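Note sheet for the following structure.
Keep in mind that the numbers below use all heavy atoms, side chains included, and drop hydrogens, waters and symmetry copies. Quick caveat, the model's predicted, so the values are computed rather than measured. Counting starts at 1 for both ligands and their atoms, following the listed order.
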Amino acid sequence: MKPFSQFFIFLVIVLATSYIDAFTRNDFPEDFLFGAATSAYQWEGAADEDGRTPSVWDTFSHSYDTGNGDVACDGYHQYKEDVKLMADMGLEAFRFSISWTRLIPNGRGPINPKGLLFYKNLIKELRSHGIEPHVTLYHYDLPQSLEDEYGGWINRKIIEDFTAFADVCFREFGDDVKLWTTINEATIFAIASYGEGLTPPGHCSPNKFINCSTGNSSTEPYLAGHNMLLAHASSSKLYRLKYKSKQRGSIGLSIFAFGLSPYTNSKDDEIATQRAKDFLFGWMLKPLVFGDYPSEMKRTLGSRLPVFSEEESEQVKGSSDFVGIIHYTTFYVTNRASASIFPIMNQGFFKDMGVYMISTGNSSLFEWEATPWGLEGVLEHLKQSYNNPPIYILENGKPMKHDSMLQDTPRVEYIQGYIGAVLNAIKNGSDTRGYFVWSMIDVYELLSGYTTSFGMYYVNFSDPGRKRSPKLSASWYSGFLNGTIDVSSQDTIQLQRKFSGSSSF
Ligand code: NOJ
């Protein structure tokens, strides 16, 4: 290679890395929100205290040996200490969810005064520390009573019950909550819970990998997804009619979004990638923005895909003030027929999607490869194909083996890279308004229980007091947020050196 070409390549690499790496908090708009997240079942514990009743997640976790959320981080009792940690860290926002069965133990009907008080206190505590609450209404924890009564999300009755639950939340908490997400990662929730049996309530067709007690993987994900869109739209309509003018908040739906990139530059792979985007993003975003499902999905699924009436389509269209994005990694997409990322996912949604997804690195279920460019691609795609909606990145973070180390340098690198990608996207015109690390502290993990964790605070789950200790990532995020870390400089390395002297569980 000629010296000039070598120099050119070197320059490109330097420019590419420094473009992503050189930034501070001040490069982001002032009203951009940097936060961290948890969810009720994963953080609160106190599963059968003060009137809470079981959700499908309690039932699901108790039937496997990955542990359960009975105690989790004990956030229900330690929320004041945790809010103090957040404030010390300089968090601008905290995303948490409301446990439906803590607030309304029967799923519908009377409110539990102790549950109500807990969330009022939590929100008050956050506000008094200047931390913006971002509330998710539904995070995998359907009241078990509603699952037993009519099958939960696969029945249209859920629309009325969910809207009534949302109504209580808006009425009781809405004066102090400006950001509402109705349903957490609705896309993958419908797929994993109603097609793959991987997450609660664990429905799937009979298969040789997972023994689900009920389900139909070729229809239920689409039915559940449809009811989620309608329940979201119905509560959004209610919010706008009854509360918005006074409370002045925004309401959105969140979807899970892998980065997707063609495996080769062939036409076939490009088409396959577009197809994957239609299935994985368009499934929910097309109805939310344009009022109907992607034609590619309609064509492939035929009568398995429910149909919106004209009135429903009008109600769903425009019902999200923002799009919540849950992003962890990227896959290459190729036109090879069949299959999916995980072998069990060969029966429903992923089979219908009909493309092959190839890991970008060492990604496995528990070890996501950091691919900030993939998130930039998602944000660019949403800008171009969905009228540049306001976006919150509601989850992004790195799983590592629990009990591994407080010096979680790979997590710092991961978060740093992704925040840089968000900044790039904003500079390119994306209307992204916030970024939340998953998770604020180690929690009971959705797929892996207590074996892996994403937290910036370590939690000793063998300690009855659930002692918390800051990891390097907590110090880094704090330094970034209060402006003492300039990402382009040596600050991170210095922080790492200082930290290694003081790290112990
Ligand atoms: C997805 C879910 O929202 C959350 O519950 C889970 O723990 C994380 N992302 C990590 O998988």
- request: May I ask which of Gln42, Arg95, Glu395, Glu185 has a heavy atom nearer to atom 8 (C) of ligand 1 than the others do?
  value: Glu395
message: Under 3.5 Å between any N/O of Ser39 and any N/O of ligand 1: does that happen in this structure?
response: no
- prompt: Going by the angle between their ring planes, with limits at 30° and 60°, are Phe28 and Phe32 parallel, tilted or perpendicular?
  reply: tilted
message: Is the ring pair Trp476/Phe480 parallel, tilted or perpendicular, if the boundaries are 30 and 60 degrees?
response: parallel
- prompt: Can the ring centres of His232 and Phe189 be said to be less than 6.0 Å apart?
  reply: no
- prompt: What orientation do Trp43 and Phe118 show, parallel under 30°, tilted 30 to 60°, or perpendicular over 60°?
  reply: tilted
- request: May I ask you to decide whether Glu81 forms a salt bridge with Lys84, counting only side-chain N to carboxylate O separations under 4.0 Å?
  value: no
- line: For Glu445, the ligand 1 atoms with a heavy-atom partner under 4.0 Å come out as 6 (C), 7 (O), 8 (C), 10 (C), 11 (O)
- line: For Leu446, the atoms of ligand 1 under 4.0 Å from one of its heavy atoms are 6 (C), 7 (O)
message: Could you check whether any side-chain heavy atom of Leu142 comes within less than 4.5 Å of a side-chain heavy atom of Pro201, counting everything from C-beta outward?
response: no
Numbering as shown, the atoms of ligand 1 that approach Tyr328 to under 4.0 Å (heavy-atom distance): 8 (C), 9 (N), 10 (C)
task: Can you sort out which atoms of ligand 1 are near His139, meaning under 4.0 Å from one of its heavy atoms?
output: 2 (C), 3 (O), 4 (C), 5 (O)
- prompt: For Phe454, is the nearest heavy atom under 4.0 Å from an atom of ligand 1?
  reply: yes
Whether Asn184 lies under 4.0 Å from ligand 1, heavy atom: yes
